Each structure stands twice: as C-alpha cells, then as structure tokens.
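Worksheet: the structure to be examined is printed underneath.
Model, not experiment: these values are computed from the prediction. First the proteins, then the strands, lettered A, B, ... as listed; each starts at 1.
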Number of protein chains: 2
Amino acid sequence: MTKQLSKNEQAILIFKALADPVRLEILHYLKQCDHDVSCGEVGQAIGISKTSGSYHFKLLQTAGLITARKESREKYVALDQSTFEQVVGHFWDNL
Amino acid sequence: MTKQLSKNEQAILIFKALADPVRLEILHYLKQCDHDVSCGEVGQAIGISKTSGSYHFKLLQTAGLITARKESREKYVALDQSTFEQVVGHFWDNL
DNA sequence: ATAATAGTTCAAAATATTTTGAACTATTTA
DNA sequence: TAAATAGTTCAAAATATTTTGAACTATTAT
C-alpha cells in the first residue's frame with residue numbers, strides 16, 4: 001500500500017530527486033539511450049558503486065522519473081518524462 | 001563577482017530551492033499577492049522566525065525564483081516565474 | 001539621543017541526505 | 001552442486017541542509 005500523495009508532496013519528491021548531480025547524470029545517460037538499460041551499465045558509465053546506484057535508482061523511481069522492469073537478474077531502467085510533465089508542467093497552477 | 005553557472009548547476013539550484021515545504025509555502029503566499037510584500041509579512045503569515053525567513057528568502061533569490069527590492073528598513077519580495085520557465089522549461093533539452 | 005523595528009550574519013545544534021562496506025536474495029553459469 | 005553475477009538491505013560514517021538564538025547594521029519613531 002503506497003501512500004497517496006498530494007500534488008505538493010509529489011512535486012517535492014520530484015524536485016528532490018532532480019536536485020542532485022549524480023541523479024542528473026543518471027538521467028542524462030538514460031536520455032541518450034533509446035532502449036532501456038541495466039542499472040549496472042548506468043552505474044559503471046557514471047562511476048558509482050552499486051549500493052549508491054541502488055539508492056539513487058530507487059529515489060528516481062519513487063519520484064516517477066524512471067520506469068523499471070526486472071528481467072532475470074537485472075533491472076532495466078528508462079527515462080519517464082510523463083510524470084515530470086504532469087506535475088512540473090502544472091506546478092505554478094497547483095501551487 | 002557572482003560565479004557563472006552552467007545550465008545544470010542553475011537547474012540544481014532551482015530544484016533544491018523548490019524541494020522544501022517551507023519555501024513552497026513562501027511561493028504559495030507570494031502567488032496570492034499581486035503586489036510585492038515584505039519578508040516580515042510573509043514570515044508571519046506562514047509562521048517562521050525571521051532568521052529562518054532570511055535564510056529561505058536568500059535561497060529563493062539566489063535560485064532566481066523571487067525578486068527583491070529594499071525600501072528603507074524592509075525588503076519586498078515577489079514571485080519571479082521567468083527563471084523557472086527558462087531553466088525548467090528546457091530542462092530535458094539541456095539535460 | 002534613545003527606543004523600536006526589519007532584516008542579516010554567525011556559529012552551534014538539530015535534521016536530513018548520501019556514501020560506504022558487509023551481509024543478504026535471487027538468478028545464471030561452470 | 002558450487003561459484004559468479006546483479007541488485008537490495010542494513011547500519012554506520014560522512015556530508016549537507018535547516019533551525020535556533022545572540023549579536024549585529026541600518027532605518028525610523030519618540
């Protein structure tokens with residue numbers, strides 16, 4: 001059961017997720033990929049430990065900025081711009 | 001001499017500024033005002049100390065989310081949506 | 001000149017976020 | 001079955017952010 005968030009709470013989640021250089025690097029890497037890629041690949045590409053990666057991917061996922069699918073051992077992630085558009089697009093209206 | 005920021009650094013500054021409930025309250029209050037208002041008025045309205053207010057107003061100002069003008073003893077602040085539009089509007093393009 | 005008022009600055013304390021490494025689960029390969 | 005691989009979880013350590021109160025500047029009012 002995932003708690004239902006208000007517009008503001010959701011916005012804060014997204015802004016927090018975006019307010020970090022490592023996570024922007026992740027998103028930047030994902031943007032260059034048309035296909036979805038494994039967490040390991042991304043982590044290696046930007047040079048972070050897998051523990052740290054796990055932490056950041058979870059945050060991005062919770063914020064709705066990436067989608068993730070588990071295939072056997074690996075987790076494949078991809079950019080999801082739609083949440084951003086929805087929440088940040090109407091940010092000033094909802095404020 | 002204010003350091004020149006990259007697009008990403010500016011974006012992080014804005015996202016950090018927006019990733020906080022107190023600062024969203026400030027922006028929310030400012031949104032309701034057509035005129036600019038004193039820091040004291042805002043602080044009182046949302047119930048924060050003036051020291052804390054000073055801290056948050058500085059952050060918002062640095063991020064370019066508010067404008068400020070000093071008139072005699074008081075500092076009048078107002079919403080500035082334009083920076084947000086410029087930086088966040090092209091966020092995915094610049095990423 | 002003295003008081004009061006609006007806001008800033010500073011350093012310390014309180015909180016929150018991020019990184020790290022070890023131990024863990026689950027899956028695949030030898 | 002045993003070893004290797006991908007990722008998660010946990011708690012501790014390292015950092016970063018936020019709050020607090022006292023001391024400060026500058027302006028206005030008595």
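- Within the 4.0 Å cut-off from OP1 or OP2 of D:dG7, not a single side-chain nitrogen or oxygen of A:Ser54 is found.
- Distances shown here put a side-chain N or O of B:Arg23 below 4.0 Å from the OP1 or OP2 atom of D:dT18.
- For the pair B:Ile46 CD1 and D:dT19 C1', the interatomic distance rounds to 14 Å; values are reported in whole Å.
- We find that CD1 of B:Ile48 is positioned 15 Å from C1' of D:dT17, with the value rounded to whole Å.
- Comparing A:Ser38 and B:Ser49 by the nucleotide of DNA chain D whose heavy atom lies nearest to each, the residue mapping closer to the 5' end is A:Ser38.
- Looking at the side chain of B:Glu74, the nearest of the listed nucleotides C:dT9, C:dA6, D:dT19 is C:dA6.
- Within the 4.0 Å cut-off from OP1 or OP2 of D:dT19, at least one side-chain nitrogen or oxygen of B:Ser52 is found.
- Between A:Gln61 atom CD and D:dG7 atom P there is a gap of 12 Å when expressed in whole angstrom units.
- For the pair A:His56 and C:dT17, the criterion of a side-chain N or O lying under 4.0 Å from OP1 or OP2 is not met.
- Pairing for C:dA3 is absent, judged as Watson-Crick or G-U wobble with the two contacts each under 3.5 Å.
- Nearest-nucleotide mapping onto DNA chain D: of A:Lys58 and A:Arg73, the residue sitting toward the 5' end is A:Arg73.
- For the pairing with A:Phe91, the ring pair (Phe, Tyr, Trp, His ring centres under 6.0 Å) check across B:Phe84, B:Phe15, B:Phe91 returns one residue only, B:Phe84.
- Atom CG of B:Leu13 is separated from atom C1' of D:dT17 by 14 Å (rounded to the nearest Å).
- Nucleotide D:dA3 carries an anti base; the chi torsion (O4'-C1'-N9-C4 or O4'-C1'-N1-C2) is more than 90° from 0.
- Residue A:Lys70 places no side-chain N or O under 4.0 Å from the OP1 or OP2 atom of D:dT8.
- Between the side chains of B:Gln61 and B:Lys75, at least one donor N or O lies within less than 3.5 Å of an accepting N or O.
- Of all heavy-atom pairs spanning B:Leu65 and B:Ala17, the tightest one is CD1-CB, 3.7 Å.
- In the interface, the side chain of A:Lys50 is paired with the base of D:dG7 through a donor and an acceptor atom under 3.5 Å apart.
- Summarising the geometry, the separation between CG on A:Leu59 and C1' on D:dT8 is reported as 15 Å, rounded to the nearest angstrom.
- Using a 4.0 Å cut-off between charged side-chain N and carboxylate O, B:Lys7 and B:Glu9 make no salt bridge.
- Rounded to whole angstrom, the span from the CZ atom of B:Arg69 across to the C1' atom of C:dG7 amounts to 15 Å.
- Contacts of A:Ser72 with the nucleic acid, taken as non-hydrogen atoms under 4.0 Å apart, involve only primed sugar atoms and P, OP1 or OP2.
- Taking the side chain as every heavy atom from C-beta outward, B:Leu24 and A:Ile12 approach each other to under 4.5 Å.
- Using N1 to N3 plus N6-O4 or O6-N4 for Watson-Crick, or N1-O2 and O6-N3 for G-U wobble, each under 3.5 Å, D:dA22 pairs with C:dT9.
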>> Between B:Leu18 and B:Arg23, is the side chain to side chain contact (heavy atoms under 4.5 Å, CB included) condition met? List the steps.
In response: CA-CA 7 Å; B:Leu18 293 172; B:Arg23 289 190 290 273; over 6 Å; no
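- A:Tyr76 has its OH atom 8 Å from the P atom of D:dG7, to the nearest Å.
- Rounded to an integer number of Å, the gap from A:Glu71 CD to D:dG7 C1' is 15 Å.
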